[in-house]
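What follows is a single structure, written as structure tokens, with notes after it.
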Amino acid sequence: MSSPFDTATPGAAFDAFVGPARDTAAGRRPWTPEDGPLPAVYLSHGAPPLYDDGEWMGELFGWAERMPQPRAIVIVSAHWESAPLTISSPGEGTPLVYDFGGFAQRYYTMTYATPDATALADRLTAMLEGTENVHRSARGLDHGAWVPLSVMYPNADLPVIQVSMPDEDPDRLMRIGARLRELRAEGVLVVGSGFMTHGLPFLTRDMLRGDSVPGWTDDFDAWASDALARGDVEELRRFRSAPGMPYAHPTVEHYVPLFVTLGAATDAEVPATTEIDGMMWGLSRRSFSLA
């Protein structure tokens, strides 16, 4: 699997992928009320290295292909922790936040010009008030939002609003997700975007080359997979004492968006459907959906 240390042509896999993907995505069937609520999803989002991984892009795109085309997207990313709860700029062509470092220059000039999302921002504000004090900002979409969405929905033709995480408390995040739940019945895709393991300080050259997976990733991923398969929300709340900790998550912002997804589910204790698994750089890419 490629890394920024050995990619001769950064984004070459994305360049080969994006044209055909845009053509295919243009023919997707739009969501209708007869489809029922869209799933609540948690995805491991990647960063620019996603654009060098054709297999992973194919998995994300295929996931989007299995769903009707949403009317809009609301996404909570690990990369925006801000209190009070804040929503991103709803204007047409929302700017991007290039919140990463050490990658090829082309990744700092990429665009994802989504359409106006003012109506969605107004709807979100009305839904969340009473649970949260909602603020608005001029902030654009960070890479936890625009990188995976540019693969799943490459035509940038859906209104997108990003919502900040006001803190890392599972119960509060589940309450926020619960407030978003009814959007799913309106054709809005609700997304928690993180990474199932994120022990970046502990990566080695062997992991970056794809030659090894550390025990702490295997242990934490197996623990999470088992709890998700059983719909065991209480176990998922006990993540700080899970196998593989604290190496799997030396900080927990990439894990806790999962609780927004659980809160937005019709029933958080129903077994989750694994949509993507496997590893990148020794980190778990596990992503799942809930009805």
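It should be emphasised that the depicted structure is a prediction, and the values quoted were computed from it without experimental measurement. Note that the numbering runs from 1 along the sequence shown for the chain.
- The shortest side-chain heavy-atom distance between P166 and E132 falls under the 4.5 Å cut-off.
- When all heavy atoms of S212 and T204 are compared, the pair lying nearest together is OG-OG1, 4.5 Å.
- With hydrogens and angles disregarded, no donor-acceptor distance shorter than 3.5 Å links the side chain of S284 to the backbone of T217.
- In this structure a side-chain-to-backbone donor-acceptor pair under 3.5 Å is present from W31 to G36.
- Hydrophobic clustering keeps L203 apart from V252 (ILVMFWY residues linked when any side-chain heavy atoms are closer than 4.5 Å, directly or through intermediates).
- Under a 4.0 Å N-O distance rule, the pair R136/D122 qualifies as a salt bridge.
- Across all non-hydrogen atoms, the minimal contact from T94 to S89 is OG1-O, 3.1 Å.
- Here the two rings, on F61 and F17, have centers that are under 6.0 Å apart.
- Aromatic ring orientation, H143 versus H79: tilted (interplanar angle from 30° to 60°).
- Using modelled atom types, one finds no donor on one side chain facing an acceptor on the other under 3.5 Å when comparing R175 with T131.
- Both V74 and I176 belong to a single network of hydrophobic side chains, linked directly or stepwise wherever heavy atoms of I, L, V, M, F, W or Y lie under 4.5 Å apart.
- Side-chain N or O atoms of T111 include none that pairs as donor or acceptor with a backbone N or O of A113 at under 3.5 Å.
- Of the possible polar contacts, one joining the D52 side chain to the G11 backbone as a donor-acceptor pair under 3.5 Å is found.
- Both V151 and V41 belong to a single network of hydrophobic side chains, linked directly or stepwise wherever heavy atoms of I, L, V, M, F, W or Y lie under 4.5 Å apart.
- D15 has a carboxylate O that lies under 4.0 Å from a charged side-chain N of R106, or vice versa, which qualifies the two as a salt bridge.
- Between L120 and P159 the shortest heavy-atom distance is CD2-O, 4.3 Å.
- How far CE of M280 is from CG of L50: 8.5 Å, rounded to the nearest 0.5 Å.
- Side-chain contact check for L149 versus I73: some heavy-atom pair is nearer than 4.5 Å.
- With a 4.5 Å cut-off on side-chain heavy atoms, V190 and V76 do not count as touching.
- Salt-bridge check for R66 with E275: passed, with a basic side-chain N closer than 4.0 Å to an acidic carboxylate O.
- Using a 4.5 Å cut-off on side-chain heavy atoms (C-beta onward), R22 and T24 make no contact.
- Atom CG in D226 sits 9.5 Å away from atom CH2 in W223 (nearest 0.5 Å).
- Expressed to the nearest 0.5 Å, how far CZ of F195 lies from OH of Y42 amounts to 8.5 Å.
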Practice task
Evaluate the criterion side chain to side chain contact (heavy atoms under 4.5 Å, CB included) for residue pair L290 and T273; output intermediate values, then yes/no.
Solution key: CA-CA 6 Å; L290 285 162; T273 299; over 6 Å; no
Problem - Y108 vs F100, ring pair (Phe, Tyr, Trp, His ring centres under 6.0 Å): CA-CA, chis, key distance, verdict - result: CA-CA 9 Å; Y108 302 88; F100 43 74; 5.0 Å; yes
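- Using modelled atom types, no side-chain atom of R29 and backbone atom of P68 make a donor-acceptor pair closer than 3.5 Å.
- Checked options E65, E59, M67; the residue passing with W63 is M67 (criterion: side-chain contact (heavy atoms from CB on, under 4.5 Å)).
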Exercise for the section: Take I87 and Q162 through the test side chain to side chain contact (heavy atoms under 4.5 Å, CB included) and record every step on the way to the result. Expected result: CA-CA 6 Å; I87 62 176; Q162 187 169 343; over 6 Å; no
Exercise for the section: Show your reasoning for whether side chain to side chain contact (heavy atoms under 4.5 Å, CB included) applies to S225 and R286. Expected result: CA-CA 8 Å; S225 175; R286 185 169 302 280; 3.6 Å; yes
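- Looking only at side-chain heavy atoms (C-beta outward), L158 and Q69 come within less than 4.5 Å of each other.
- Between D167 and R172 there is a salt bridge, since a side-chain N of the basic residue sits under 4.0 Å from a carboxylate O of the acidic one.
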Practice task
Report the C-alpha separation of L124 and V163 in whole Å, then their side-chain angles, then the decisive distance to 0.1 Å, and conclude whether the side chain to side chain contact (heavy atoms under 4.5 Å, CB included) test is met.
Solution key: CA-CA 9 Å; L124 274 172; V163 178; 4.2 Å; yes
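- Under the 4.5 Å side-chain heavy-atom criterion for grouping Ile, Leu, Val, Met, Phe, Trp and Tyr, V147 is connected to W281 within one hydrophobic cluster.
- The local environment of CG in D23 is crowded, with over 12 non-hydrogen atoms from other residues, nucleotides or ligands closer than 6.0 Å.
- No salt bridge links E269 with R230; every basic N to acidic carboxylate O contact stays at or beyond 4.0 Å.
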When the side chains of residues 240-250 are checked against the rest of the protein, which donor-acceptor pairs come out under 3.5 Å, sequence neighbours left out?
| from | atom 1 | to | atom 2 | distance (Å) |
| --- | --- | --- | --- | --- |
| S241 | OG | R238 | O | 3.2 |
| H249 | NE2 | M196 | O | 2.7 |

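- Clustering ILVMFWY residues whenever any of their side-chain heavy atoms sit less than 4.5 angstrom apart, transitively, puts V18 in the very cluster that holds Y51.
- Shown are W80, Y98, Y107, Y112; of these, the ring pair (Phe, Tyr, Trp, His ring centres under 6.0 Å) with W146 is made only by Y98.
- In terms of modelled atom types and a separation under 3.5 Å, the side chain of D53 and the main chain of E55 share a donor-acceptor contact.
- M110 approaches L96 most closely through the heavy-atom pair O-CD1, 3.4 Å.
- Here the side chains of L141 and V160 are in contact, with some heavy-atom distance below 4.5 Å.
- Taking both residues in full, the closest heavy atoms of R181 and A264 are given as CG-O, 3.2 Å, listed atom of the first, atom of the second, then distance.
- A 4.5 Å side-chain heavy-atom check between P257 and S193 finds every atom pair outside the cut-off.
- Scanning both residues, G199 and L283, for their nearest heavy atoms gives N-CD2, 3.7 Å.
- The distance from atom CG of L85 to atom CG of L128, rounded to the nearest 0.5 Å, is 5.5 Å.
- The line from CG of L60 to NE2 of H45 is 11.5 Å long, rounded to the nearest 0.5 Å.
- Considering CG of D221 and CZ of R285, their distance stands at 11.0 Å, rounded to 0.5 Å.
- In summary, E186 and R71 do not engage in a salt bridge, as defined by a charged side-chain N under 4.0 Å from a carboxylate O.
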Handout entry: From CA spacing to verdict: salt bridge (Lys or Arg N to Asp or Glu O under 4.0 Å), E182, R123
Key = CA-CA 11 Å; E182 64 187 81; R123 178 90 170 94; 2.9 Å; yes
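- Counting only heavy atoms from C-beta outward, the side chains of V134 and T86 never approach each other to under 4.5 Å.
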